[in-house]
Student: 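Dropping the structure in here first, questions after.
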Amino acid sequence: MKNRLKELRAEKDWSQGELAERLEVSRQTINAIETEKYDPSLPLAFKIAKLFKQPIEEIFEA
Amino acid sequence: MLYITGTMKIDAPAFTGTPVHDKRSRNKLVLGAMGFLCGILVTSTGRFLADYHGPWGIRLGLVLAPWALVGLLAVFSRRLYQADELEALINRQALAFAFYAALFGLVVVHQLQSAGFVAVFAWTTPQLIMGMVLLMAAGILWSKRRYI
């Protein structure tokens with residue numbers, strides 16, 4: 001699944017570690033999502049959408 | 001807060017204390033170390049019990065005491081460290097890997113023994129425990145390479 005997580009993170013000037021901290025997951029999880037090796041669960045996807053104040057479909061695309 | 005460097009003003013990053021991901025890594029290491037120590041304690045007690053022939057109550061107590069500690073560690077481990085969803089997925093996949101590798105491995109060994117290529121031997125408990133630990137570790141490595 002394609003996503004804009006890296007782009008959104010760069011806009012906020014956050015490191016992967018900082019984003020991981022805000023989402024309460026490991027840095028490896030953020031890296032795996034950004035490199036599209038792992039699709040987050042729905043609760044985590046909603047958490048990401050809420051953090052970046054964007055609709056979920058604006059961040060994730062099938 | 002602003003830092004002034006020459007004529008440029010740069011917004012300083014907000015200090016957030018120890019990042020949680022660092023705490024997570026540290027707590028994971030602490031939990032791993034505690035688990036390792038529990039393993040040593042259980043193994044040492046087992047070795048001691050092999051040569052100890054005291055009253056049954058003391059022997060039973062010595063068997064159960066380390067496990068009480070393991071139980072406490074299991075109960076309080078969630079406060080120290082909780083796997084996130086990707087780590088939980090990796091652990092589940094590692095378990096599945098370990099199960100199927102053990103199952104197919106044992107069937108293959110049995111067939112080789114039946115065909116006379118491998119001598120018939122009895123699996124002892126330490127061998128089985130070591131095999132399970134190694135297979136789980138291999139499963140974690142196998143699963144991790146997909147995501148990390």
Student: Mind checking whether Val63(B) and Phe48(B) sit in one hydrophobic cluster, side chains of I, L, V, M, F, W, Y counted as touching below 4.5 Å?
Tutor: yes

Student: Mind checking whether Leu37(B) and Val42(B) sit in one hydrophobic cluster, side chains of I, L, V, M, F, W, Y counted as touching below 4.5 Å?
Tutor: no

Student: Are Leu5(A) and Trp14(A) joined in one hydrophobic group, where the rule is that I, L, V, M, F, W and Y side chains link up if heavy atoms are under 4.5 Å apart?
Tutor: yes

Student: Looking at Ser26(A) and Glu87(B), what are the two nearest heavy atoms and their distance?
Tutor: CB-OE2, 4.0 Å

Student: Check the surroundings of atom OH in Tyr52(B): do more than 12 heavy atoms from other residues, nucleotides or ligands lie under 6.0 Å from it?
Tutor: yes

Student: In Å, rounded to the nearest 0.5 Å, how long is the span from CD1 of Ile30(A) to CG of Leu86(B)?
Tutor: 10.0 Å

Student: Which atoms of Pro43(A) come close to chain B, meaning under 4.5 Å heavy atom to heavy atom: side chain ones, backbone ones, both, or neither?
Tutor: neither

Student: With the 4.5 Å side-chain cut-off for hydrophobic clustering, are Phe76(B) and Leu73(B) part of the same group?
Tutor: no

Student: May I ask whether Phe52(A) and Ile56(A) are part of the same hydrophobic cluster, defined by side-chain heavy atoms of I, L, V, M, F, W, Y residues being less than 4.5 angstrom apart, directly or through others?
Tutor: yes

Student: Would you check if the side chain of Glu85(B) reaches a backbone N or O of Ser41(A) as a donor-acceptor pair within less than 3.5 Å?
Tutor: yes

Student: Does atom CZ of Phe121(B) have more than 12 heavy-atom neighbours, drawn from other residues, nucleotides or ligands, at distances under 6.0 Å?
Tutor: yes

Student: Using heavy atoms and a sub-4.5 Å threshold, report which of residues 140-148 of chain B line up against chain A, by residue number.
Tutor: Arg146(B), Tyr147(B), Ile148(B)

Student: Should we say atom NZ of Lys6(A) is surrounded by more than 12 heavy atoms from elsewhere, each under 6.0 Å from it?
Tutor: no

